[in-house]
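Contents: one structure, followed by commentary.
Reckoned from all heavy atoms, side chains included, excluding hydrogens, waters and symmetry mates. Each chain gets a letter, A, B and so on, in the order its sequence line appears, and its residues count up from 1.
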Amino acid sequence: MPELPEVETVRSGLVKLLPGKIIASVNFDWPKGFPNAQTDVDVFMIGASIKDVRRRAKVLLIDLSTSYTLVCHLKMTGQFVFRGGEEFGAGHPNDSLIGVLPDKSTRVIIEFSDGTHLYFNDQRKFGWMRLMPSVQVPELDFFKKVGPEPLSDDFTSKDFIQRLQRRKNTSIKAALLDQTVIAGVGNIYADESLWGAKIHPATKVTNVSDAKLKLLYSELRYVLGLAIEKGGSTNKNYVNAEGKRGSYMDFARVFRRENQPCPRCGTIIEKSRVAGRGTHTCPTCQSLRITK
DNA sequence: CACTTGACCTGTCCGC
DNA sequence: TGCGGACAGGTCAAGT
């Protein structure tokens with residue numbers, strides 16, 4: 001799915017487009033992904049205005065004037081695409097992955113009083129959306145358990161090391177992907193940051209030195225920050241709020257670069273499976289034994 | 001409790 | 001061209 005940088009890119013796009021808009025209609029027929037009753041949607045969404053669009057971990061939060069919030073997860077293939085008037089008409093850059101909407105992946109359509117639309121598309125239907133009172137959002141199990149935001153100012157390397165070491169007997173990659181350890185890291189940025197710190201993803205946490213973990217902290221913050229700057233990674237489906245691709249994949253060092261040379265040493269990058277996920281490594285830079 | 005694996009879906013790609 | 005299987009950015013529940 002979209003990981004932290006992709007969700008943040010969607011958020012920053014939506015927060016420029018949505019606040020102040022008034023919801024005129026909500027079209028949905030997806031009990032599994034959007035299980036709220038039509039009556040609740042009618043009462044707490046129709047006529048409400050959008051107050052804010054926030055992000056926590058990989059979750060998007062769309063706050064409404066009714067003190068209700070739409071809590072949304074894009075999972076692997078979810079997309080939020082806004083379609084307005086002339087600003088998306090003829091002449092805009094042809095880097096959109098999305099054609100005419102709605103299409104066969106459209107699960108929810110929100111129409112605003114000015115005639116613009118917000119589409120929730122999700123090919124694989126793993127994503128979801130829930131309408132609930134804003135005050136109840138922090139009480140969700142996920143939010144009670146989720147770890148700190150890795151890019152927040154008060155998140156230190158000491159916090160990072162302590163939290164990772166709670167999972168000492170698992171692989172460093174599985175620990176990075178564990179949302180209760182740190183929020184927002186997924187498969188792309190786990191591989192990218194581990195390459196940056198020269199740590200093999202299968203190394204047990206307990207076998208990675210504090211110095212290496214400190215380096216990993218820096219590399220992780222670096223790749224997440226760079227990815228936000230580049231508008232995220234479009235591997236296949238991901239698009240921002242305007243339906244456009246992100247460009248981080250042009251800057252990726254190992255992710256989806258198997259059989260290409262490592263940009264640091266020239267060794268051919270390998271693909272394997274770690275923590276149940278496709279994993280990209282440089283066999284020279286990232287030794288299972290060297291952790292110092 | 002800690003950790004790993006399979007399931008959830010649809011679509012695409014690759015080998016036969 | 002068709003078919004089966006593996007795989008895809010995430011997270012849970014169920015298993016060991």
Side-chain angles (χ1 to χ4, degrees), chain A residues 1-11 29-35 55-60 71-80 97-99 103-107 120-130 140-147 163-194 201-207 220 223-224 227-228 230-240 245-252 254-259 271-280:
Chain A
M1 150 192 173
E3 307 180 27
L4 187 157
E6 290 74 31
V7 181
E8 178 57 26
T9 302
V10 173
R11 186 206 69 80
D29 180 13
W30 186 24
K32 227 167 167 171
F34 189 10
R55 178 191 61 77
R56 176 75 172 99
K58 301 172 191 171
V59 177
L60 271 173
V71 184
C72 314
H73 203 305
L74 304 174
K75 287 291 184 86
M76 303 282 259
T77 53
Q79 305 166 327
F80 263 117
L97 280 179
I98 314 291
D103 64 21
K104 64 181 172 180
S105 295
T106 302
R107 312 295 171 201
F120 186 83
N121 269 29
D122 188 7
Q123 178 185 102
R124 289 174 73 180
K125 300 183 182 173
F126 288 175
W128 50 261
M129 198 183 288
R130 302 273 186 286
L140 288 171
D141 259 11
F142 179 85
F143 286 115
K144 287 201 282 191
K145 291 191 298 188
V146 73
R163 297 187 70 87
L164 281 175
Q165 287 178 339
R166 299 192 324 196
R167 302 289 311 276
K168 58 190 167 77
N169 285 315
T170 195
S171 65
I172 185 72
K173 177 160 179 175
L176 276 177
L177 293 174
D178 183 341
Q179 300 297 295
T180 70
V181 175
I182 302 140
V185 182
N187 206 34
I188 299 175
Y189 305 107
D191 280 7
E192 290 289 293
S193 60
L194 287 163
T203 314
K204 273 190 173 191
V205 173
T206 190
N207 290 335
L220 178 64
V223 296
L224 292 175
I228 290 172
K230 301 301 175 190
S233 296
T234 297
N235 183 357
K236 192 165 167 29
N237 290 279
Y238 164 75
V239 292
N240 68 14
R245 322 167 55 96
S247 70
Y248 178 85
M249 289 300 286
D250 297 340
F251 301 85
V254 284
F255 192 80
R256 299 233 56 194
R257 295 199 183 278
E258 61 268 32
N259 303 321
K271 185 167 183 188
S272 63
R273 195 151 275 267
V274 176
R277 313 295 301 277
T279 297
H280 311 77

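Side-chain nitrogen and oxygen atoms of A/Gln179 include at least one within less than 4.0 Å of the OP1 or OP2 phosphate oxygen of C/dT11. The phosphate of C/dA8 has neither OP1 nor OP2 within less than 4.0 Å of any side-chain N or O from A/Lys236. Taking only side-chain nitrogens and oxygens, A/Lys32 never comes nearer than 4.0 Å to OP1 or OP2 of B/dC8. Residue A/Thr77 places none of its side-chain N or O atoms closer than 4.0 Å to OP1 or OP2 of B/dT10.
In this pair, A/His73 and A/Trp128 present their aromatic rings tilted. The plane angle is within the 30 to 60° band.
Heavy atoms of A/Asp122 sit nowhere under 4.0 angstrom from any nucleic acid atom. Counting any heavy atom pair closer than 4.0 Å across all strands shown, A/Gly278 reaches sugar-phosphate atoms only and no base atom. Nucleic acid contact for A/Lys104: sugar-phosphate only, since backbone atoms but no base atoms lie under 4.0 Å from a heavy atom of the residue. Residue A/Phe255 is in sugar-phosphate contact alone, with no base atom involved, counting any heavy-atom pair closer than 4.0 Å across all strands shown. Base contact: A/Ser233 has a heavy atom under 4.0 Å from a base atom. Counting any heavy atom pair closer than 4.0 Å across all strands shown, A/Gly276 reaches no nucleic acid atom.
Among C/dT11, B/dC8, B/dT10, the nucleotide with an atom closest to any side-chain atom of A/Arg277 is C/dT11. Set against B/dT10, C/dT11, B/dC3, the side chain of A/His73 has C/dT11 as its closest nucleotide. Considering only side-chain atoms of A/Lys271, the nucleotide from C/dC7, C/dT11, B/dT10 that sits closest is C/dC7. Of the listed nucleotides (B/dG11, C/dC7, B/dC3), C/dC7 has the atom at the smallest distance from the side chain of A/Arg273.
In this structure, A/Ser247 contributes its side chain and A/Lys230 its backbone to a donor-acceptor pair below 3.5 Å. Looking only at distances, a side-chain donor or acceptor of A/Thr279 sits under 3.5 Å from a matching main-chain atom of A/Arg277.
Atom CZ in A/Phe142 sits about 16 Å away from atom C1' in C/dA13, given to the nearest Å.
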Q.
As a quick check of understanding, evaluate side chain to side chain donor-acceptor pair (under 3.5 Å) for A/Tyr238 and A/Glu3, giving each step before the final call.
A. CA-CA 10 Å; A/Tyr238 164 75; A/Glu3 307 180 27; over 6 Å; no
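Here A/Phe255 contributes atom CZ and A/Asp191 contributes atom CG; the two are 6.5 Å apart, rounded to the nearest 0.5 Å. The distance from atom CG of A/Leu176 to atom CG of A/Leu220, rounded to the nearest 0.5 Å, is 6.5 Å.
Comparing A/Arg124 and A/Lys145 by the nucleotide of DNA chain C whose heavy atom lies nearest to each, the residue mapping closer to the 5' end is A/Arg124.
Counting only Watson-Crick or G-U wobble pairs whose defining distances are both under 3.5 Å, the stems of 3 or more consecutive pairs in DNA chain B are B:2-8 with C:10-16, B:10-16 with C:2-8.
Stacking of A/Phe126 onto the six-membered ring of B/dC8 is present: less than 5.5 angstrom between centres, less than 30° between planes.
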